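Single-structure report; data block below.
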Amino acid sequence: DKIYGNPGRGYTQYTAGSATVTGYFNSQREFGAQVRQVLMDNAAQRWGVPVAETSTQPGVVLHEKTGRRLTYGEIAAFAKIPAEAPKVAVEPVATANFRLIGTDTPRVDVNGKHNGTAKYSIDVHVPGMIYGAILREPVDGAGVAKVDDAAARAVDGVLNVVPLKYGVGVLAETPWAAFQGRKALKVTWGSKAQGAGFSTDGGFAKFSNAAKDPAHPVIDWEKKGDAAAKLKTAASVVDQEYRSDYAYHAQMEPLNSIAAVSPAGDAVEIWCGVQSQTIAVQQVAAALGIAESKVKFNHYLLGGGFGRRGNRDADFVIDSVLLSKASGKPVKVIWTREDDIHAGRFRPLYVNRLRAGLDTSGNVAGWYHRAVCDHVMAFMDPVRYKIVKGRDPIALLGTEVPAYDIPDRTIEGVLEHTGMRTNPLRGIGFTANSFATEVFVDELAVKAGDRKSTRLNSSHLGISYAVFCLKKK
């Protein structure tokens, strides 16, 4: 992690939140400068000239005084690599002088994905490997009350049935046998899970009441000026509610992983594609009670993540680890699409209530926004939730209005413990919260009679991209 971790995420290997480019930007520029320095040092030594006389152009090191040049490939054949990277000052570069940054540069992985040679963990086969499938509890925390596995054990190819805290695993010689064995299980589930009996309709009703209840406890997300006073004295008030249902990630590659736990249970090798190598290793080590240094991680391309492959408990990776430990063999677990929907980690249910006071000219005089949704970070990443002290950015980002000049505004959040499995999905809270904000602004503009002019008049002139987008229409 110290070498490859994202500086913007505390030097952990974690691809999420569109933070990779910004997080690695400075360190990648430094790394490029260090490699360039090593190339020039080796070329200068070969030519017997001061390194200060060398320079580079794309792919080559030059000695302009003598007209000599060496390609990077030629230098690599004889180069001596220093034990430590050289100390190199990375000077600011004018945007106009960037060679690659800001240009349309093809991704290096596109060809493999296009022609089918790219390798994903679902393609991996380990010698001696068997297959596993898990019948998961219908609601998180339900647990298993009773299992009748006689029919499952009778399925041709089924090797064993393994009880787990969160369900029942089936081990088999083939994936199909594992799926069929799981289908034959008869399980009685516990009934004390928090989410038992929860429904979308019931959730919307509950969230709507919370959005309207002035006495309901809230998280103060943002407050500027005195929105309450402005709303009381406004010429008119517009009050709207917007709802967003649970949303499924639908990543193309089914969740899958392979694990080979040592016979003694004191080491493991895993093969999978995840959004955080750091978290995967941590969780696997914790599940086996071993040191992280005893976890060998083989990373593969992931066929879509969007937040689903980045949750703290690394559920689909732990599946293979626990079944490998139980069987003493390498185990590959593949979730079917039905599995993934049944045990999905969805973008949460949302009710966004917005109120705006308008003056006699139709300008926004006061702004109130309350977003109500399931807890997200408390479920998918309790470690980060503790760090942010309950202010869940995954759930509530997007409620802000930076593109509009609204000096008097109050923005609140209500996070409900529903017992539902939740995860960020692509744009996290923006996908529901910004949607509500922008539709509401549009409705205010319609009420004023001119959608485009109203948006332009309300836009904060410091947010040039907002005005630019409006004028392009």
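Predicted, not measured: the structure shown is a model, and the values here were computed from it. FYI, the numbering just counts along the sequence from 1.
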Between [X] and [Y], a side-chain donor and acceptor under 3.5 Å:
{"X": "N352", "Y": "E241", "result": "no"}
{"X": "N256", "Y": "S121", "result": "yes"}
{"X": "N6", "Y": "Q13", "result": "no"}
{"X": "Y246", "Y": "D374", "result": "yes"}
{"X": "T399", "Y": "N433", "result": "no"}
{"X": "T105", "Y": "T103", "result": "yes"}
{"X": "S257", "Y": "S320", "result": "yes"}
{"X": "Y242", "Y": "E443", "result": "yes"}
{"X": "R426", "Y": "T431", "result": "no"}
{"X": "Y368", "Y": "R370", "result": "yes"}

Could you tell me if the side chain of [Y] sits less than 4.5 Å from the side chain of [X], heavy atoms only?
{"X": "D340", "Y": "F316", "value": "no"}
{"X": "P382", "Y": "K386", "value": "no"}
{"X": "D149", "Y": "V168", "value": "no"}
{"X": "V274", "Y": "I279", "value": "no"}
{"X": "E269", "Y": "P330", "value": "no"}
{"X": "K206", "Y": "E416", "value": "yes"}
{"X": "Y166", "Y": "L135", "value": "no"}
{"X": "V284", "Y": "I318", "value": "yes"}

Quick test of your reading of the model: are [X] and [Y] salt-bridged, counting only N-O distances below 4.0 Å?
{"X": "R391", "Y": "D220", "answer": "no"}
{"X": "R409", "Y": "D226", "answer": "no"}
{"X": "D239", "Y": "R353", "answer": "yes"}
{"X": "R308", "Y": "D315", "answer": "yes"}
{"X": "D109", "Y": "K113", "answer": "yes"}

Practice task
Any pair with a residue in residues 180-202 that passes side chain to side chain donor-acceptor pair (under 3.5 Å), sequence neighbours left out, goes on the list, sorted by first then second residue, please.
Solution key: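 Side chain to side chain donor-acceptor pair (under 3.5 Å) check on residues 180-202 returns R182-D339.
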
If you look at every heavy atom in [X] and [Y], which pair is closest and at what distance?
{"X": "I270", "Y": "A259", "value": "CG2-CB, 3.9 Å"}
{"X": "L164", "Y": "V144", "value": "O-CG2, 4.2 Å"}
{"X": "V90", "Y": "A33", "value": "CG2-CB, 4.4 Å"}
{"X": "G307", "Y": "N423", "value": "O-ND2, 2.7 Å"}
{"X": "V124", "Y": "K332", "value": "O-NZ, 2.9 Å"}

Exercise for the section: Decide yes or no on side-chain contact (heavy atoms from CB on, under 4.5 Å) for Y350 and D245, but give the supporting numbers first. Expected result: CA-CA 7 Å; Y350 274 93; D245 208 338; over 6 Å; no

Practice task
Please report the C-alpha distance between R136 and D319 in whole Å, then the side-chain angles of each, then the deciding distance to 0.1 Å, and finally whether the salt bridge (Lys or Arg N to Asp or Glu O under 4.0 Å) criterion is met.
Solution key: CA-CA 11 Å; R136 263 183 163 72; D319 287 349; 2.8 Å; yes

Problem - Partner set under salt bridge (charged side-chain N to carboxylate O under 4.0 Å, His left out) for R421, not counting sequence neighbours - result: none

Practice task
Keeping the roles fixed (side chain from T422, backbone from F346), state whether a donor-acceptor pair exists under 3.5 Å.
Solution key: no

Practice task
Name all pairs fulfilling the ring pair (Phe, Tyr, Trp, His ring centres under 6.0 Å) condition that reach into residues 191-232, sequence neighbours left out, sorted by first residue then second.
Solution key: none

Exercise for the section: Could you list the residues that satisfy side chain to side chain donor-acceptor pair (under 3.5 Å) with Y120, not counting sequence neighbours? Expected result: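 None.
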
Exercise for the section: Under the side chain to side chain donor-acceptor pair (under 3.5 Å) rule, collect the residues that match up with H417, sequence neighbours excluded. Expected result: H375

Exercise for the section: Please test S244 against R347 for side-chain contact (heavy atoms from CB on, under 4.5 Å), starting from the C-alpha separation and ending with a verdict. Expected result: CA-CA 9 Å; S244 298; R347 185 195 70 181; 3.5 Å; yes

Fill in the blank from the handout: Hits for ring pair (Phe, Tyr, Trp, His ring centres under 6.0 Å) against H299, two or more places apart or cross-chain, chain-then-number order -> F297

Practice task
Could you please spell out the steps behind the side-chain contact (heavy atoms from CB on, under 4.5 Å) verdict for R337 and I341?
Solution key: CA-CA 6 Å; R337 186 61 64 187; I341 296 173; 4.3 Å; yes

Exercise for the section: Show your working on side-chain contact (heavy atoms from CB on, under 4.5 Å) between L444 and L358 and close with a plain yes or no. Expected result: CA-CA 9 Å; L444 295 177; L358 303 177; 4.3 Å; yes

